[in-house]
Amino acid sequence: MAVRVLPPPVLLLALLLALVASVAHGGDGKLKVGFYKDSCPDAEAIVRRIVAKAVRKDPTANAPLLRLHFHDCFVRGCEGSVLLNSTKGNAAEKDAKPNHTLDAFDVIDDIKAALEKECPGKVSCADILAIAARDAVSLATKVVTKGEWSKDGNLYEVETGRQDGRVSSAKEAVKNLPDSFDGIRKLIKRFASKNLSLKDLAVLSGAHAIGKSHCPSIAKRLRNFTAHHDSDPTLDGAYADRLRRRCRSPGDRTTELEMVPGSSETFDAAYYGLVAKRRGLFHSDEALLRNDVTRGLVLRYRDSEKAFLRDFGESMVNMGRVAVLAGSQGEIRKRCAFVN
């Protein structure tokens, strides 16, 4: 009878860790800081230059760039599928209802064109999204722009080395993207499906520190919420009255609502102060108070902006690792809206 020799426990552990790393990073490649150091040394500098130009021209551009990366990672992972156009036989993610308000595609296209000129076929659209999101939020963070956070002007270091996917589905976007009306159980389930923790949920919700929304996004919270409540009972009554005065018509798509009134272009911890007072714009913001862990984090970040900014960078890196394609699993698109 043949004798099967088993590897020693230490080797077994090493093999298991290697397998976990392979799955986390998409297979036969790994993400790392400075991936383009040799193949395209100026890649991150080019992205930063174009993002900075866009933000100078329109200070509200930082939030859409951050959202693009988030919406990409939650559908098929961080592989640039949110950028693909629909084709005759397929409705792509960008045409799904939750993505109708996405913006800044032109900024990504400008970055890609510049990178293709500098180093053709080297930098993926998925990595452009990750770098641009980091730069957008860094440029909106005062302690960073003042040089009080890091010498390189970044809130956190971004890992790169992703490949671009070839598939984009509107149906998958509807199924996977968190909704502004999600309760805490659904939010936890959605984030857990991406191997993101309760802490990641609380921290990444802080992306609502910048940006604006419109009346249709909160119409249900303000009128006819249920048969027993005209407005969402989890929303502070005085704040609901103020919002109703702004949104006199539920279908008003013109009136802009700041996620954090008076601070929608500055990335800080003010969002958590609003959530703690039940004045988060979305039902999903208030939902953070419905779990002991996330509620504790809301109060912690309300009282410590430094803790929030540090943890935000860590959670962005965690999200950026979701189901990435690496090595030979994808491609480097020549144009981000089209497969090669």
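Starting from 1, each residue takes its place in the sequence as its number.
- Between the T255 side chain and the D252 main chain, no donor and acceptor come within less than 3.5 Å of each other.
- Residues Y36 and S124 approach most closely at OH-N, 3.3 Å, considering heavy atoms.
- Here the side chain of S205 pairs a donor or acceptor atom with the backbone of L201 at under 3.5 angstrom.
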Original post:
Could you go step by step and tell me if T60 and D58 meet the side chain to side chain donor-acceptor pair (under 3.5 Å) rule?
Top reply: CA-CA 5 Å; T60 66; D58 178 8; 2.6 Å; yes
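- Geometric assessment of R335 against the ring of F338 yields a positive cation-pi assignment under the 6.0 Å and 45° thresholds.
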**OP:** Step by step, work out the side chain to side chain donor-acceptor pair (under 3.5 Å) result for D285 and Y271.
**Re:** CA-CA 9 Å; D285 295 322; Y271 161 81; 2.7 Å; yes
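- Ring centroid separation for the pair Y301 and F312 does not come in under the 6.0 Å cut-off.
- Side-chain atoms of R244 come within 3.5 Å of backbone N or O of L222 as a donor-acceptor pair.
- Residues F70 and I188 fall within the same hydrophobic cluster, defined by Ile, Leu, Val, Met, Phe, Trp and Tyr side chains chained together at heavy-atom separations under 4.5 Å.
- Side chain of N291 to backbone of T294: a donor-acceptor contact under 3.5 angstrom is found.
- Within a 6.0 Å sphere centred on CG of D292, other residues, nucleotides and ligands contribute 12 heavy atoms or fewer.
- Ion pair D182/R190 flagged as a salt bridge, since at least one NZ, NE, NH1 or NH2 atom sits closer than 4.0 Å to an Asp/Glu carboxylate oxygen.
- Ion pairing of R290 with E286 is present here, as a side-chain N (NZ or NE/NH1/NH2) and a carboxylate O approach within less than 4.0 Å.
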**OP:** Starting from the C-alpha separation in whole Å, work towards a yes-or-no answer on salt bridge (charged side-chain N to carboxylate O under 4.0 Å, His left out) for R76 and E172.
**Re:** CA-CA 8 Å; R76 290 187 163 264; E172 290 183 3; 2.8 Å; yes
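- With respect to D311 and K199, a salt bridge is recorded, a charged nitrogen being found less than 4.0 Å from a carboxylate O.
- The pair E256-K212 counts as a salt bridge, with a side-chain nitrogen and a carboxylate oxygen less than 4.0 angstrom apart.
- With rounding to the nearest 0.5 Å, the separation of NZ in K171 from CD in E93 is 14.0 Å.
- Atoms SG and CG, on C336 and L84 in that order, are 8.5 Å from each other to the nearest 0.5 Å.
- By the criterion of side-chain heavy atoms lying less than 4.5 angstrom apart, applied directly or through intervening Ile, Leu, Val, Met, Phe, Trp or Tyr residues, M316 is grouped together with V75 in one hydrophobic cluster.
- Within the 3.5 Å criterion, the main-chain N or O of D106 finds no donor-acceptor partner in the side chain of D109.
- A side-chain N or O of R221 and one of T234 form a donor-acceptor pair less than 3.5 Å apart.
- Considering all non-hydrogen atoms of both residues, V174 and P98 come closest at CG2-CD, 3.9 Å.
- Heavy-atom minimum distance, S168 versus A92: OG-CB, 3.5 Å.
- With rounding to the nearest 0.5 angstrom, the CG atom of L243 is 6.5 Å from the CG atom of L235.
- Stacking of K94 on the aromatic ring of F105 is recorded, both the 6.0 Å distance cut-off and the 45° axial limit being met.
- F181 carries K220 over the face of its six-membered ring, with the cationic atom under 6.0 Å from the centre and within 45° of the normal.
- R333 places a side-chain N or O within 3.5 Å of a backbone atom of G165 that can act as its donor or acceptor partner.
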**OP:** Show your reasoning for whether side chain to side chain donor-acceptor pair (under 3.5 Å) applies to S197 and D200.
**Re:** CA-CA 5 Å; S197 67; D200 293 322; 3.2 Å; yes
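- Between E265 and A140 the shortest heavy-atom distance is O-CB, 3.7 Å.
- Within the 3.5 Å criterion, the main-chain N or O of V143 finds no donor-acceptor partner in the side chain of W149.
- Under the 4.5 Å side-chain contact rule for hydrophobic residues, V317 and L198 share a cluster.
- Distance CG/D95 to CG/N99: 9.0 Å, rounded to 0.5 Å.
- With contacts defined as side-chain heavy-atom distances shorter than 4.5 Å, the pair V167/V339 does not qualify.
- In this structure, R295 places its CZ atom where only 12 or fewer heavy-atom neighbours from other residues, nucleotides or ligands lie under 6.0 Å away.
- Across all their heavy atoms, I218 and L281 have their closest contact at CG2-O, 3.4 Å.
- Residue I184 is grouped with residue V203 when hydrophobic side chains (ILVMFWY) are merged at heavy-atom distances under 4.5 angstrom, including chains of intermediate members.
- Judged purely by atom type and a 3.5 angstrom limit, S213 has no side-chain atom pairing as donor or acceptor with the backbone of S217.
- Side-chain N or O atoms of R302 include none that pairs as donor or acceptor with a backbone N or O of L297 at under 3.5 Å.
- Ionic pairing of E44 and R134 is present here: one or more N-O contacts between side-chain nitrogen and carboxylate oxygen are shorter than 4.0 angstrom.
- The two residues C78 and M319 make their nearest non-hydrogen contact at SG-O, 3.1 Å.
- The pair E331-R166 counts as a salt bridge, with a side-chain nitrogen and a carboxylate oxygen less than 4.0 angstrom apart.
- I332 and L31 are not part of a single hydrophobic cluster, where members link through side-chain heavy atoms under 4.5 Å apart.
- Applying the side chain to side chain contact (heavy atoms under 4.5 Å, CB included) test between R162 and each of D127, L325, V123, D72 identifies D127 as the sole match.
- The backbone N or O of S81 lies less than 3.5 Å from a partner atom in the side chain of E79, making a donor-acceptor pair.
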